[in-house]
Every structure is written in structure tokens, then in C-alpha cells.
Amino acid sequence: MDASGRDELLVAAEALEQLAAVSTGGDWRVGGLLATRPDVVADLGGGSTEHVAEARAGSARWIAALSPALAAPLAAWLRSAARAEPVEAEALAFARALRRRLPG
């Protein structure tokens, strides 16, 4: 790997895309009828949905890979990107997508 870490970033991006490709697809949202036990539902488009819990074979690795352990490094990356001049378009796109999905 090169000293700048570029190769490591590219390998991580490729691994994330490969994992997404074999995970339960769609737009995941919190739903369900019971507030004490909400469901995560994947909207697959065209009116089709799938409960993510029922598709564990396709979603377990994704959930584990994107666990809360990633919050600190992702937040650090966003803060670093916010200090860059100019602001990186990809970082801003990620932040906007994340904000649309976060509660509150």
C-alpha cells in the first residue's frame, strides 16, 4: 500500500460496495405496528417490501459491518471534510443522505 493510504481507501470502498451487492437491497426504514418492537423494512420499489429480519442471510453481514463502532471514525471523517477547502462533494453527499435517514 502506498504511504498516503489511497490504496487502503480504495480497498475499503470496494469491500463496502461488494457487501452491499450481496445484502438485502432497497431503502431500509424503521416501521412496524409496535413502538416497543419496530421492524426494519426494505422498500424494494414497485410497492414491494421485505422485512430485513426475515432476510438475515442477506442483511446480517451488512448490519455487523456498519455497527455503531463506525460512528466515531465516520464522524471524524465528516469533521475533517468540513475543515477542507473546498468541501468535498462526496462527503457533503454522504452527510446529506445520512441526515435524511437519522431520527430527529
Side-chain angles (χ1 to χ4, degrees):
M1 294 215 179
D2 65 346
S4 69
R6 289 185 199 282
D7 289 344
E8 191 171 348
L9 292 172
L10 293 172
V11 167
E14 181 70 22
L16 184 61
E17 289 172 336
Q18 287 175 359
L19 181 58
V22 298
S23 297
T24 303
D27 183 18
W28 293 16
R29 298 291 176 163
V30 176
L33 300 174
L34 299 173
T36 58
R37 192 171 169 180
D39 293 323
V40 177
V41 178
D43 181 346
L44 304 174
S48 179
T49 62
E50 181 176 18
H51 288 269
V52 174
E54 293 172 2
R56 284 191 189 111
S59 58
R61 289 179 45 221
W62 178 263
I63 293 167
L66 296 178
S67 78
L70 289 182
L74 281 174
W77 171 62
L78 290 171
R79 288 186 181 101
S80 175
R83 292 189 296 272
E85 197 56 52
V87 169
E88 202 176 313
E90 294 82 2
L92 187 55
F94 177 82
R96 287 175 176 164
L98 180 63
R99 294 274 327 250
R100 284 191 300 270
R101 304 191 70 77
L102 290 174

Exercise for the section: Would you kindly confirm whether L98 and I63 end up in one hydrophobic cluster when ILVMFWY residues are joined by side chain heavy atoms under 4.5 Å apart? Expected result: yes
Completion exercise
For D43 and T49 the tightest heavy-atom approach is CA-CG2, 4.2 Å
Exercise for the section: Treat each ILVMFWY residue as a node, draw an edge where side-chain heavy atoms are under 4.5 Å apart, and state whether W28 and F94 are in one component. Expected result: yes
Handout entry: Pairwise side-chain hydrogen bond (donor to acceptor under 3.5 Å, both in side chains) hits with a residue in residues 57-86, at least two apart
Key = none
Handout entry: Atom of A65, atom of L70 and distance for their closest heavy-atom approach
Key = O-CD1, 3.1 Å
Problem - L44 side, atom CG; T24 side, atom OG1 - distance, nearest 0.5 Å - result: 8.5 Å
Practice task
Look at the side-chain heavy atoms of Ile, Leu, Val, Met, Phe, Trp and Tyr, link any pair under 4.5 Å apart, and say whether L74 and L66 land in one connected group.
Solution key: yes
Handout entry: Residues forming a salt bridge (Lys or Arg N to Asp or Glu O under 4.0 Å) with D27, sequence neighbours excluded
Key = R29, R101
Practice task
Find out if a path of hydrophobic residues (ILVMFWY) with successive side-chain heavy-atom gaps under 4.5 Å connects L102 to V52.
Solution key: yes
Handout entry: Minimum heavy-atom distance A91-L78, with the two atoms named
Key = O-CD2, 3.9 Å
Problem - Chi angles and distances behind the side-chain contact (heavy atoms from CB on, under 4.5 Å) call for R96, L92 - result: CA-CA 6 Å; R96 287 175 176 164; L92 187 55; 3.4 Å; yes
